[in-house]
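A short worksheet on the structure shown next.
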Amino acid sequence: MSFSKEIKEEIGKHISNARHCRIAETAALLSVCGRLVMKEGRIQAILFQTENEIVARKYFTLLRKTFNINTEILIRKNMTMKKSTTYLLVVKERHQVQTLFQATKLAIDEDAQDKGLLVDQLIMQNTCCKRAFIRGIFLAAGSMSTPEKTYHFEVVLPDYRRAEQLQEIMNAFDIEAKIVIRKRYYVVYVKEGSQIVDLLNIMEAHIALMNFENVRILKEMRNSINRQVNCEAANINKTVKAASKQIEDIIFIRDTIGFENIAEGLEDIATLRISYPEASLKELGAMLNPPIGKSGVNHRLKKLCCIADGLRQ
């Protein structure tokens, strides 16, 4: 099961106790999956269409619990290569259509190509209703990548007006959602891991949130360990290169003028460096009599390098 489906399974079972929140979520579902059936300028029915059984089941439950509307779920099998299933729910009783349309405060978007349904901001004045709206929108048109691969939360909407509305609602929760055009659709997306966690909390997908956090913590630990290993490997490479250069310079001095022609302290450290090529500066300093510190050893080795460079010139 994909991570998106896990989230939708969880929030699909969540039914708010507050009627105003259920109305907000119903409006969100209708704004994406609903359309009006008109005849002679009058609304004859409200059609809800989706290919997701979870979404159809949630809409059916919301209608029954909020408006006491029981409607049939019609199932159509598409016999093309995809062999998808379409779920249709139609509210056609006149008084039920009027009640549902007025309660959700939907309006027809005449500017949009699909004559889609717009949601009035009035039904989202409360913070809890905003949460319900985001939950409904994600259920109907959202998806999320598997957190093991990447962090990506998105909702695909048919026009800019609805995308902008969702972006504004997310911004109210300090979520920095962005909008991008993909083909003829508008995609509202979030890529920041911590903000996706906040979104899952907003939608009350608490189990998915914990699963996401577990993956995120594990990935951060792995990244931290990899950074430490890479840093240590870089330091080792740097030390090995420095030691190789030091030994090369010391051998050049020995073969050119001999150790007897350099200071006694330099001779001692040169002999130790050749004898113990893998030793650290601290270890070399401890072998001297009297012992000296790491900075003292480094100073003497630098002097030897300068002597070798001078001889080469």
* Asn237 CG: over 12 foreign heavy atoms closer than 6.0 Å -> yes
* Structure fact -> Apart from Ile217 itself, members of its ILVMFWY cluster (side-chain separation under 4.5 Å) are Met221
* Mind running side-chain contact (heavy atoms from CB on, under 4.5 Å) on Ile54 and Lys58 for me, showing each step along the way? => CA-CA 6 Å; Ile54 300 167; Lys58 182 67 176 284; 5.6 Å; no
* Quick one: list whatever passes ring pair (Phe, Tyr, Trp, His ring centres under 6.0 Å) with Tyr186, sequence neighbours left out. => Tyr160
* Asked: Hey, quick one: are Leu139 and Ile207 part of the same hydrophobic cluster, counting side-chain heavy atoms closer than 4.5 Å, chains of contacts allowed?
  -> no
* Asked: Should we say atom CD of Glu176 is surrounded by more than 12 heavy atoms from elsewhere, each under 6.0 Å from it?
  -> no
* **Hydrophobic cluster membership, Phe3 vs Val215, 4.5 Å side-chain cutoff** => no
* Structure fact -> For Leu47, the other hydrophobic cluster members (4.5 Å side-chain criterion, sorted by chain and number) are Val37, Leu74, Leu88, Val90
* Test item: Asn126 side-chain N/O and Cys128 main-chain N/O as donor-acceptor pair under 3.5 Å -> no
* Would one find more than 12 heavy atoms of other residues, nucleotides or ligands at under 6.0 Å from atom CG of Asn226? -> yes
* Structure fact -> Residue set satisfying side chain to side chain donor-acceptor pair (under 3.5 Å) with Lys245, at least two apart, ordered chain then number -> Asp249
* Same apolar cluster (I L V M F W Y, side chains within < 4.5 Å links), Phe252/Ile257 -> yes
* Which pairs with one or both residues in residues 9-46 pass ring-ring contact (aromatic ring centres under 6.0 Å, His included), sequence neighbours excluded? -> none
* Check whether any side-chain N or O of Ser224 sits under 3.5 Å from a backbone N or O of Glu220 as a donor-acceptor pair, and report yes or no. => no
* Can you run down the ring-ring contact (aromatic ring centres under 6.0 Å, His included) pairs that involve residues 27-52, sequence neighbours left out, and say none if there aren't any? => Phe48-Tyr59
* For atom CD of Glu148, decide whether the heavy atoms of other residues, nucleotides or ligands shown that lie under 6.0 angstrom number more than 12. => yes
* To do: Begin with the C-alpha distance, continue with both residues' side-chain angles, and end with the deciding distance and a verdict on side-chain contact (heavy atoms from CB on, under 4.5 Å) for Thr85 and Arg76.
  => CA-CA 6 Å; Thr85 302; Arg76 288 181 181 172; over 6 Å; no
* Please, which pairs that meet ring-ring contact (aromatic ring centres under 6.0 Å, His included) have at least one residue in residues 120-150, sequence neighbours excluded? -> Phe138-Phe153
* Asked: Are the side chain of Thr71 and the backbone N or O of Leu89 linked by a donor-acceptor pair below 3.5 Å?
  -> no
* Asked: Are Leu218 and Val197 connected, step by step, through hydrophobic side chains (Ile, Leu, Val, Met, Phe, Trp, Tyr) whose heavy atoms are closer than 4.5 Å?
  -> no
* Structure fact -> Contacts of His152 meeting side chain to side chain donor-acceptor pair (under 3.5 Å) (sequence neighbours excluded), chain-then-number -> Glu154, Lys191
* Using a side-chain heavy atom cutoff under 4.5 Å and only I, L, V, M, F, W and Y, what cluster partners does Tyr189 have? -> Val156, Val180, Tyr185, Val187
* Expected output: side-chain Ser2 to main-chain Lys5 donor-acceptor under 3.5 Å -> yes
* Give a yes or no on whether Arg64 atom CZ has more than 12 heavy-atom contacts from other residues, nucleotides or ligands under 6.0 Å away. => yes
* **Steps toward salt bridge (charged side-chain N to carboxylate O under 4.0 Å, His left out) verdict (Glu25, Arg22)** => CA-CA 5 Å; Glu25 192 166 357; Arg22 294 199 298 269; over 6 Å; no
* Asked: For the residue pair Ile123 and Ile23, what are the closest heavy atoms and their distance?
  -> CD1-O, 4.4 Å
* Asked: Would you say Gln121 has more than 12 foreign heavy atoms packed within less than 6.0 Å of its CD?
  -> yes
* Structure fact -> Arg131 meets the side chain to side chain donor-acceptor pair (under 3.5 Å) criterion, sequence neighbours left out, with none
* To do: Spell out, as yes or no, whether a donor-acceptor pair under 3.5 Å connects the side chain of Gln195 to the backbone of Ile175.
  => no
* Asked: What pairs of residues pass the ring-ring contact (aromatic ring centres under 6.0 Å, His included) test when at least one of them lies in residues 267-313, not counting sequence neighbours?
  -> none
* Asked: Stepwise, does the side-chain contact (heavy atoms from CB on, under 4.5 Å) test hold for Glu10 with His206?
  -> CA-CA 8 Å; Glu10 184 178 355; His206 301 305; 4.2 Å; yes
* Asked: Got a sec, which residues hit side chain to side chain donor-acceptor pair (under 3.5 Å) with Arg227, two or more places apart in sequence or on another chain?
  -> none
* Heavy-atom pair with the smallest gap, counting every atom of Ala132 and Cys21 -> CB-O, 3.3 Å
* Asked: If we only count heavy atoms from C-beta on, is the Leu199 to Phe173 side-chain gap below 4.5 Å?
  -> no
* CZ (Arg312) with more than 12 external heavy atoms under 6.0 Å -> yes
* Asked: Are Leu311 and Leu304 co-members of a hydrophobic cluster defined by side-chain heavy atoms under 4.5 Å apart?
  -> yes
* To do: Mind listing the closest non-hydrogen atom pair of Ser31 and Val119 along with its distance?
  => CB-CG2, 3.6 Å
* Asked: Donor-acceptor pair, Lys130 side chain versus Ala24 backbone, under 3.5 Å?
  -> no
